[in-house]
Structures are given as C-alpha cells and as structure tokens.
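As the structure is a computational prediction, the values presented were derived from the model and not from experiment.
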Amino acid sequence: QVQLVESGGGLVQAGGSLRLSCAASGRTFSVYAMGWLRQAPGKEREFVASTSWAGSSTYYADSVKGRFTVSRDNAKNTVYLQMNSLKPEDTAVYYCAKGKTGVVVTTTSGFDSWGQGTQVTVSS
C-alpha cells in the first residue's frame, strides 16, 4: 500500500509560484499514475493534474493548463506540482493522489487514495 505525504504549501501573492512535493512510501510507487487534487472551502474536491507511471504522459484541468506542471521522480518515490502565475482562485487544500492503474488519470474518480493535503493560499 502506498502512503502519501505532501509538503510545500504556503501563502503566496498572486502571480507568484510554489512547488508542491509528495513523498510516497511503498515499493509499488513507480507502477501507478500519480496526480493532484484540490479542494477549496465550500467546494467539491476537483482534479488538477496527473502523470502516468513513467511520467511520459500528463493531463491537466483546463483551469491550470499552461501554469502548472506535474512531474515525478520514481527513483525518489516523489511527485511534484510546479505552480506558476498563481491566482486567488487557486487557493485550496492540495492533495497528492494515487491512480488505480499506471495510465494517466483524467478525472477525480481515477484516483483511489490520497494524502492529508497541504494548504495553498494565494493573496490578491
């Protein structure tokens, strides 16, 4: 079973950048797609980005496309989310998530486990 621990969240001004990291435990990390979800106050959890098991395929929500980049380092059992040009509407708790298979995930339902989350707050 893969356990996930996120880090790197914080407070940033609009237009700024943050890099989230997710450390995964377990020997099977590299066979699964990984990604990120987020949940803003009063809203449902939503899909943000995903990468396939090898990192060769990625998929993004329209709201973050061109600003966020998801990547992974299987040697370090770590997945990243580089967030640039941040907007106040990006404010949310961000969750690292594990896919059900190695194929890139395109919807929230494609993940079957996630971490505790890290808060990202973007001020205007």
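Within the 4.5 Å cutoff, no side-chain heavy atoms of Tyr94 are placed close to those of Leu37. Within the 4.5 Å cutoff, the side chain of Tyr95 has no heavy atoms near those of the Thr118 side chain. Side chains of Met83 and Arg67 form no contact here, defined as non-hydrogen atoms less than 4.5 Å apart. With a 4.5 Å cut-off on side-chain heavy atoms, Val120 and Leu20 count as touching. Taking the side chain as every heavy atom from C-beta outward, Gln82 and Ser17 approach each other to under 4.5 Å. Using a 4.5 Å cut-off on side-chain heavy atoms (C-beta onward), Thr108 and Trp114 make no contact. Thr121 is not listed as a side-chain neighbour of Val12, based on a closest heavy-atom distance of 4.5 Å or more. The shortest side-chain heavy-atom distance between Arg72 and Phe29 falls under the 4.5 Å cut-off.
Hydrophobic clustering (ILVMFWY, side-chain heavy atoms < 4.5 Å, transitive): Val70 and Val104 are in distinct clusters. No chain of hydrophobic side-chain contacts below 4.5 Å, direct or via other Ile, Leu, Val, Met, Phe, Trp or Tyr residues, connects Leu81 to Val93. Val79 and Val2 end up in the same hydrophobic cluster when Ile, Leu, Val, Met, Phe, Trp and Tyr side chains are linked at under 4.5 Å. Cluster membership check: Trp53 does not share its hydrophobic cluster with Met34, using side-chain heavy-atom separations under 4.5 Å among Ile, Leu, Val, Met, Phe, Trp and Tyr. Grouping the Ile, Leu, Val, Met, Phe, Trp and Tyr side chains by contacts below 4.5 angstrom, directly or via other members, places Val122 with Val64.
Side-chain atoms of Ser50 come within 3.5 Å of backbone N or O of Val105 as a donor-acceptor pair. Put simply, the side chain of Glu6 gets close to the backbone of Gln116: a donor and an acceptor are under 3.5 Å apart.
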TODO: For salt bridge (Lys or Arg N to Asp or Glu O under 4.0 Å), just list the numbers for Lys65 and Asp62, CA-CA rounded to whole Å, side-chain angles, deciding distance to a tenth of an Å, and then say yes or no.
DONE: CA-CA 5 Å; Lys65 199 173 297 182; Asp62 288 343; 3.1 Å; yes

TODO: Kindly indicate, with the supporting measurements, whether the criterion side-chain contact (heavy atoms from CB on, under 4.5 Å) is fulfilled by Glu46 and Arg38.
DONE: CA-CA 5 Å; Glu46 64 176 0; Arg38 69 185 181 185; 2.5 Å; yes

Open item on the list: Please evaluate residues Asp73 and Thr78 with respect to the criterion side chain to side chain donor-acceptor pair (under 3.5 Å), reporting the C-alpha separation (whole Å), side-chain torsions for both, the decisive distance (0.1 Å), and the verdict.
Closed with: CA-CA 5 Å; Asp73 184 338; Thr78 303; over 6 Å; no

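The aromatic rings of Tyr59 and Phe47 lie tilted to each other, with the angle between the two planes from 30° to 60°.
Cation-pi geometry between Arg19 and Tyr80 is satisfied (NZ or CZ under 6.0 Å from the ring centre, within 45° of the ring normal). Stacking of Lys98 on the aromatic ring of Tyr32 is recorded, both the 6.0 Å distance cut-off and the 45° axial limit being met.
Taking NZ from Lys76 and CG from Asn74, the interatomic distance works out to 12.0 Å, rounded to the nearest 0.5 Å. Taking CG from Asn84 and OG1 from Thr69, the interatomic distance works out to 6.5 Å, rounded to the nearest 0.5 Å. Taking CH2 of Trp36 as the reference point, atom OH of Tyr60 lies at 12.5 Å (rounded to 0.5 Å).
Applying the disulfide (SG to SG under 2.5 Å) rule to pairs touching residues 33-78 yields nothing, sequence neighbours excluded. Note on residues 22-124: pairs passing disulfide (SG to SG under 2.5 Å), not counting sequence neighbours, are Cys22-Cys96.
Heavy atoms of other residues, nucleotides or ligands lying less than 6.0 angstrom from CD of Gln3 number 12 at most.
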